[in-house]
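Notes to accompany the following structure.
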Amino acid sequence: MGHYISRRSLSEQDTLPQGRISFNEEAPPHYSSWRVDRGAAADVQANGTIGEVRVGMEVKAGGQETECQGSRQEGRRPSIYSSVDAVPHLEFYSNATATGRVRRNRPSLETLRKAFEVISISMMYLHVWLCGVQDGDLSSNKGDSGTGHLPHVLDQGEEQDSAVEKTRQPVRFGWVTGVMIRCMLNIWGVILFLRLSWITSQAGVILTWVIILMSVLVTSVTSLSVSAISTNGRVSSGGAYFMISRTLGPEMGGPIGVVFSFANALGCALNTVGFAETVRDLLIYNAVMVDDINDVRIIGTITVTLLLLISLAGMEWESKAQIIFFLVLMVTFTNYFVGTVIPATPEKQAMGFFNYRAEIFVENLFPDWRGSQGDFFQMFAIFFPSAIGILAGANISGDLKDPETAIPKGTLFAIFWTTLSYILISVTVGACVVRDASGNLNDSLPFNFSEPCDGLGCKLGWNFTKCKQSQSCSFGLANSIQVLSLVSGFGLLITAGVFAASLSSALAFLVSAPKVFQCLCRDNIYPYIDFFAKGYGKNNEPLRAYILTYFIALAFILIAQLNVIAPLISNFFLCSYALINFSCFHASITNSPGWRPSFKYYSRWTALFGAVISVVLMFLLTWWAALITFGIIFFLLGYVTYRKPKVNWGSSVQAGTYNMALSYSVSLSSVEDHVKNFRPQCLVLTGPPNLRPALVDFVGSFTKNISLMICGDILMGDSQSVMSNDKLVKWLNIRKVRSFYTPFKADSLQEGARHLMQASGLGKLKPNTLVLGFKSNWKECSPYGLEDYVNTIYDAFDSNYGVCILRMMDGLDITEELQCEDNENTTNIKNDEIRTVFQNKQGKKTIDVYWISDDGGLTLLVPYLLTRRKRWRKSKVRVFVIGEQQTMENERKEMVALLQRFRLDVHDVIVMIDTERPPFSKNKVSVLTECAYVCVCVCVCVRACISSLPVPQSDCPSSLYMAWLDTLSCGLHCPVLLIRGNQQNVLTFYCQ
């Protein structure tokens, strides 16, 4: 194997490529080596790009040996294939590296191909440096260790590492404190202590279990979907919004981010109102401040303000407060279950508590609906908010140590323990407490009683018949919301549990809503909300979003009715769960190679079931709230779809679009072509599309949403495109032109066009019409250039392509205009704002079609497609045909009949009868060019002129053919399009 040695001198190089230099006497041997005079040896390693060069060498100067170890050397090991090639490393795949470190890239193919050249250049500089070391020229660059440094090369790794160590790291939580405890506290809300016993009295123990299990079914399926999505890549802050938006794209992620943030703010209001109700009920002797409703408002306002101050203190303080609340709840539950076995006192019996009794359990098994809210779905709507806390851990995913592991484990464990607690509490309270009790000790029955007594209380020694018949009972499952305090061993601990549950849930919601909204604001999907994206402190706390959430929660706290707020929250969260499950389902069915969740215990069908059942429950619970929720979703969806934010997250929608396009393309390949479905699929030789906007706009006028359009850019010789491919595609999108851009390198226009005609397209989506601009400088160009242009047209005819040539009076190429505006750099000109005549409304002018030769109907089809556009809709089409004086009227009638059978809306048909007249002698042109004379006379006031393109014979000289085309189209002030189909029918009047 020979070695390539660069012949470029050192003077041709600018500076030594920047990179890290390490001296290592144990550096491994490589394919190329270079020995320095006087025993100095050097091995050069290049890692990453040309600008990142590592050198392993041993230097002996003055009898002293110097060594320097480069940091992170294990991540920079070369491959065994090449000294430049790199082994796999995490940093090559990460979007961003640690704070303060520059991201490293693997070597490009160009670097690998020119590896020997890079090594030879590096060795030349190394030789110069070694000579300087021996001559003492670089002594000023030596430190205390005697280690020298190459000029212009700074080893910044150590400085960056020390800077990272000095940087104060943000607080991160594990799966227990960050997810499981947080979710359990969010699930154990006010519904558990204030409404579960009442729901049990209404629905009975059996249906209460059904309600609990239905809620758990929805949340469990959703948690499986959340686990799958969160383990399919690194999850940042933003919770449900982040997962949905990165899976389904910004169109669905944006609306759900707004709704989910709003739902969390409502959750804060719900739990704060529950806390305020408990405090109000503790005010003894009817010591109200104003009245029952306003007392809740006052207490709720004070409470949410205190919670806001805790949140503003930071996540560390908020986490400590959550742990305290969790411990209080554990003591509360212990107190409750112990209280169920402590013998009931007469006071408690009067209030309906009798310890475990089989007859009470049997009585409470079945429902007893009461009041306006006495039905199953109303009970479900009130209970469901107690199960919505499963996303509390995911909402702070940016503050977790390992979100991919913490979210699945913590969420599923939280669902299990909270479900168990709900079932146990509903069973125990249903087995210990009757539905109705008076609380009056005088209602106890003596051993021998003769009073009328009805109900279960009679068997237990109490007569609650009177209060039950008058509906004045104040105690029991159906009448009191403080049943758990009655059952517990020490009632004040239940009150402490209510405080802990409500405050912890309210605090969790108050923290979750700003985190989600901050992520939404940073993505800049909606305008005017980036003000709330700013973060403060080491944890990047969204203080501004905290204030916004505070005011939203405060507005709903002023409602002060728990049963009114709960159904609203249920709809918003059910909508969120539906989209999360649909995200998982959609990502699964697209079969994208990027969908590789490490959590395997999920199914696409369970995710679909979760999405469907969530939507069904939304309408069964509160149909009007469901309609409002979906109305908001569709409005926000429509806005994002219209605005088209400039983000690309590799969503499953993109994967699904690819699958559909691939499937339809393959299916279309097996279908035979039919004349009814013919579409002019155009290969347009535009060069860089931004330099010929008129040509692009005109073809886009009759191909948009109808047929295929490919802008071909033939790069001849060593020429490069004036803009990158991505920028040219962006330019097409800005002008709303639906087209593909395909560059192709070739030695000539004819060669490039021939290859593009053969290779462009996919299956049936292949061009069948070649469109190019008229060569205005054909008289001044070289004979080779003229032959190249005309031969391209010949090749199109030989390839059975239709040909269209567009000519405008001012030409199509605007390169010179752009150069006049900026002679230095034409690529930076934003010419996407340059308007052409084809972007304006064409008004009521006419399109003249000279159907001189029958080419199969393409000459008529193109103007028809133009008139279907809004800009051309008012234009009228006139058709000119060639005829004779004697049969002019008959020929006109025949043409009108043919056009009517084609169902083409033609304003007028004109027969030209003087085509046999000899041409003017002074013009010296052929007889066929007389049509151009007629065209000049008629097309002065038209918007466009379309004429049949003559097909040259194989022996026709190029200059003669160009003179022919020039004569047909010169002197016209309107755009002229010369068309020739491939002589096959593209129009038919048959229905099959």
Go through the steps for Phe517 and Arg544 under the test side chain to side chain contact (heavy atoms under 4.5 Å, CB included), then give the verdict.
CA-CA 10 Å; Phe517 193 65; Arg544 297 175 180 177; over 6 Å; no
Under the side chain to side chain contact (heavy atoms under 4.5 Å, CB included) criterion, do Leu507 and Ser311 qualify, and how do the steps go?
CA-CA 7 Å; Leu507 185 60; Ser311 301; 3.4 Å; yes
I'd like to know whether Arg643 forms a side chain to side chain donor-acceptor pair (under 3.5 Å) with Tyr526, so could you lay out the CA-CA distance, the side-chain angles of the two residues, the decisive distance to 0.1 Å, and finally the verdict.
CA-CA 9 Å; Arg643 190 168 180 260; Tyr526 296 105; over 6 Å; no
Run the side chain to side chain contact (heavy atoms under 4.5 Å, CB included) test on Ile547 and Leu543 for me, step by step, so that the C-alpha distance in whole Å, both residues' side-chain angles and the decisive distance to 0.1 Å come before the verdict.
CA-CA 7 Å; Ile547 303 299; Leu543 302 186; 5.8 Å; no
ring-ring contact (aromatic ring centres under 6.0 Å, His included) evaluation trace for Phe193 with Phe275:
CA-CA 10 Å; Phe193 292 97; Phe275 171 80; over 10 Å; no
Stepwise side chain to side chain contact (heavy atoms under 4.5 Å, CB included) test for Val273 and Val296
CA-CA 7 Å; Val273 169; Val296 172; 4.0 Å; yes
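Taking the six-membered ring where the residue is Trp, Trp188 and Phe333 present perpendicular rings, their angle passing 60° and hence far from 30°. Below 30°, between 30° and 60°, or above 60°: for Tyr422 and Phe383 the angle between ring planes is above 60°, a perpendicular geometry.
No side-chain heavy atom of Phe630 sits under 4.5 Å from any side-chain heavy atom of Asn571. Using a 4.5 Å heavy-atom threshold, the side chains of Ile382 and Trp198 count as touching. Val434 is not listed as a side-chain neighbour of Phe353, based on a closest heavy-atom distance of 4.5 Å or more. Contact annotation: the side chain of Cys575 approaches that of Ile633 to within less than 4.5 Å [non-hydrogen atoms, C-beta and beyond]. Two residues are said to be in side-chain contact when any heavy atoms from C-beta on lie closer than 4.5 Å; Phe242 and Lys515 fail this criterion. The side-chain heavy atoms of Lys409 and Val179, taken from C-beta on, include no pair separated by under 4.5 Å. Counting only heavy atoms from C-beta outward, the side chains of Lys348 and Thr345 approach each other to under 4.5 Å. Inter-residue side-chain proximity for Leu266 and Leu270 is flagged as unmet; no heavy-atom pair is nearer than 4.5 Å.
Side-chain N or O atoms of Arg435 include one that pairs as donor or acceptor with a backbone N or O of Ser201 at under 3.5 Å. Asp375 places a side-chain N or O within 3.5 Å of a backbone atom of Phe377 that can act as its donor or acceptor partner. Here the side chain of Thr622 pairs no donor or acceptor atom with the backbone of Met618 at under 3.5 angstrom. At distances below 3.5 Å, at least one donor-acceptor pair connects side-chain atoms of Thr629 with backbone N or O atoms of Ala625. Within the 3.5 Å criterion, the main-chain N or O of Asn440 finds a donor-acceptor partner in the side chain of Ser438. No side-chain donor-acceptor contact under 3.5 Å links Thr411 to the backbone of Pro408. Side chain of Asn364 to backbone of Val433: a donor-acceptor contact under 3.5 angstrom is found. At least one donor-acceptor pair under 3.5 Å links the side chain of Asn335 to the backbone N or O of Phe490. Panel note: side chain Ser421, backbone Thr418; a donor-acceptor pair is recorded below 3.5 Å. Looking only at distances, no side-chain donor or acceptor of Ser220 sits under 3.5 Å from a matching main-chain atom of Leu217.
Taking every heavy atom of both residues into account, Ala203 and Thr208 meet most closely at CB-OG1, 3.9 Å. Considering every non-hydrogen atom in both Gly476 and Val483, the closest pair reads O-CG2, 3.7 Å. Shortest non-hydrogen contact noted between Ala437 and Ala350 is CB-O, 3.4 Å. In terms of heavy atoms, Leu510 sits closest to Tyr546 at O-CE2, 3.5 Å. Of all heavy-atom pairs between Arg297 and Leu558, the closest is NE-O, 2.6 Å. Residues Ile494 and Ser485 share a closest heavy-atom pair of CG2-OG, 3.2 Å.
A side-chain N or O of Thr222 and one of Asn581 form a donor-acceptor pair less than 3.5 Å apart. Checking Tyr550 against Thr305 by side-chain atom types alone, a donor-acceptor pair falls below 3.5 Å. Tyr336 and Thr428 form a side-chain donor-acceptor contact under 3.5 Å, judged by distance and modelled atom types alone. Asn479 and Ser474 are not linked by any side-chain donor-acceptor pair at a separation below 3.5 angstrom, with hydrogens and angles left out of the test.
Distance SG/Cys473 to CE/Met351: 13.5 Å, rounded to 0.5 Å. Rounded to the nearest 0.5 angstrom, Leu412 CG and Trp175 CH2 are separated by 10.5 Å. Atom CD1 in Ile557 sits 7.5 Å away from atom OG1 in Thr303 (nearest 0.5 Å). Rounding to the nearest 0.5 Å places OG1 of Thr332 at 11.0 Å from CG of Leu492. Separating the CG atom in Leu307 from the CG atom in Leu312 is a distance of 11.0 Å, to the nearest 0.5 Å. A distance of 6.0 Å separates OG of Ser583 from CG of Leu579, quoted to the nearest 0.5 Å.
Phe260 has its ring centre no less than 6.0 Å from the ring centre of Phe572. Checked against the 6.0 Å centroid threshold, Phe551 and Phe556 do not count as a close aromatic pair.
Enclosure of atom CH2 in Trp209 is not indicated, since only 12 or fewer non-hydrogen atoms of other residues, nucleotides or ligands lie within 6.0 angstrom. Annotation for Tyr536: atom OH counts as buried by contact number, over 12 foreign heavy atoms lying within 6.0 Å. Heavy atoms from other residues, nucleotides or ligands lying under 6.0 Å from OH of Tyr639 number more than 12.
Taking the charged nitrogens against the carboxylate oxygens, Asp368 and Arg370 do have a contact shorter than 4.0 Å, which makes a salt bridge. A salt bridge does not link Lys534 to Glu541: none of the charged nitrogens lies less than 4.0 Å from a carboxylate oxygen.
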